[in-house]
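Written below as structure tokens is the structure these notes are about.
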Amino acid sequence: MGKSVEEICNILVKNYANNTADNFYPDFNSKKTLANCTVCSHIDKYNPYQALFTDENLYNKLERQITQELAIAIDNNDTDKIRTLKKKYGNLEEFKSAKNYLNKKCKEIWNVYEPIKSLPKEAMKCLGITNQPDLDFIFENSLKFFEKDDSETTSYIISSTLKNPNLNYDINDIHKYLKEKNIKSKCKYNFKTVKYLIKEHNYNKDKLHDLGIETDTIKKALKDLPFRYKLKMLLS
């Protein structure tokens with residue numbers, strides 16, 4: 001019986017590793033880690049050889065080696081090894097490429113929207129990478145498309161972001177981001193987002209104006225809220 005694509009790729013990987021570094025490529029069937037996702041993460045069944053050389057543009061042999069060594073150190077949460085590798089390779093372009101690659105990959109391995117049993121926080125911090133997506137990734141599409149439609153999408157995303165145990169953002173981080181988007185992109189927030197900020201985060205007139213929210217939008221939001229919120233806003 002013929003071998004599967006995975007089996008063929010494993011054989012190719014092991015043969016290729018004999019000509020590079022020891023344990024350079026991990027076994028395909030091992031648990032999902034950074035190390036075993038640095039090679040053969042994209043297999044073309046019609047051309048399994050391609051995965052050896054074009055995964056995320058890691059063409060350079062030294063680049064692949066540094067990436068693999070860093071990945072293993074992160075999987076083991078080994079900060080001493082990370083420091084050693086930074087001292088050895090830190091001034092090389094290959095190191096920068098490896099770091100950027102792993103910064104993207106760790107967001108896939110430890111997806112903040114899925115349960116995370118353990119996270120090598122110390123090693124990731126030591127290398128300067130994170131599994132947390134930035135706020136632009138979280139909010140950009142909502143602000144771009146749904147604020148104009150008076151959707152509740154943004155308020156839902158704010159709420160879910162704050163409740164997510166895998167994310168470390170607080171309302172101050174989000175406020176700063178929303179303010180920057182208003183200044184840089186002229187983003188206008190709809191009355192449902194304003195309503196959410198007033199009701200759930202005790203926003204007063206000054207904090208709303210800080211986001212570039214106009215008085216008419218605030219009044220529209222208050223119409224959907226009990227009288228005590230309107231009174232509180234007037235008193236503020």
Side chains of [X] and [Y] in contact at under 4.5 Å (non-hydrogen atoms):
X    : Y    : value
F191 : I218 : no
L222 : V194 : no
F145 : T153 : no
M124 : L102 : no
F95  : L127 : yes
Y177 : D136 : yes

Is there a path from [X] to [Y] through hydrophobic residues (I, L, V, M, F, W, Y) whose side chains come within less than 4.5 Å of each other?
X    : Y    : value
I171 : L208 : yes
I158 : L167 : yes
V112 : W110 : no
L211 : Y169 : yes
L225 : Y203 : yes

For [X] against [Y], the heavy-atom pair lying closest together:
X    : Y    : answer
M233 : N204 : SD-C, 3.7 Å
F146 : N190 : O-ND2, 3.7 Å
A123 : A73  : CB-O, 4.2 Å

Near [X] [atom1], under 6.0 Å, is it more than 12 heavy atoms from other residues, nucleotides or ligands?
X    : atom1 : answer
Y113 : OH    : yes
E200 : CD    : yes
Q132 : CD    : yes
K107 : NZ    : yes
K207 : NZ    : yes

For [Y], is there any backbone N or O sitting under 3.5 Å from a side-chain donor or acceptor partner on [X]?
X    : Y    : result
N166 : P115 : no
N131 : C106 : no
N100 : S97  : no
S151 : E147 : no
N76  : D78  : no
S185 : N182 : no
D75  : T33  : no
E94  : L62  : no
E122 : N77  : no
S159 : Y156 : no

message: Under a 3.5 Å threshold, yes or no: a donor from one side chain and an acceptor from the other, between S155 and T193?
response: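 No.
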
CA sep, side-chain torsions, deciding dist, call: K188, E214, side-chain contact (heavy atoms from CB on, under 4.5 Å): CA-CA 9 Å; K188 299 293 183 182; E214 298 172 350; 3.9 Å; yes

Output the distance between atom [atom1] ([X]) and atom [atom2] ([Y]), rounded to the nearest 0.5 Å.
X    : Y    : atom1 : atom2 : answer
K176 : D170 : NZ    : CG    : 11.0 Å
H201 : N172 : NE2   : CG    : 10.5 Å
I157 : L135 : CD1   : CG    : 11.0 Å
D210 : L178 : CG    : CG    : 10.5 Å
E108 : N111 : CD    : CG    : 9.0 Å
E180 : I183 : CD    : CD1   : 7.5 Å

Thinking salt bridges, do [X] and [Y] make one under a 4.0 Å N-O criterion?
X    : Y    : result
D150 : K220 : yes
K192 : D224 : no
E93  : K96  : yes

task: In sequence, state the C-alpha distance, the side-chain angles, and the governing distance for I174 and F139, and then conclude on side-chain contact (heavy atoms from CB on, under 4.5 Å).
output: CA-CA 10 Å; I174 294 172; F139 285 99; 4.2 Å; yes

task: Quick one: list whatever passes side chain to side chain donor-acceptor pair (under 3.5 Å) with Y229, sequence neighbours left out.
output: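 Here no residue qualifies.
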
Result block: side-chain N/O donor-acceptor pairs under 3.5 angstrom for residues 81-91, not counting sequence neighbours:
residue	atom	partner	partner atom	Å
R83	NH1	T79	OG1	3.4
R83	NH1	D80	OD1	3.3
T84	OG1	D80	O	3.0
K86	NZ	C126	O	2.8

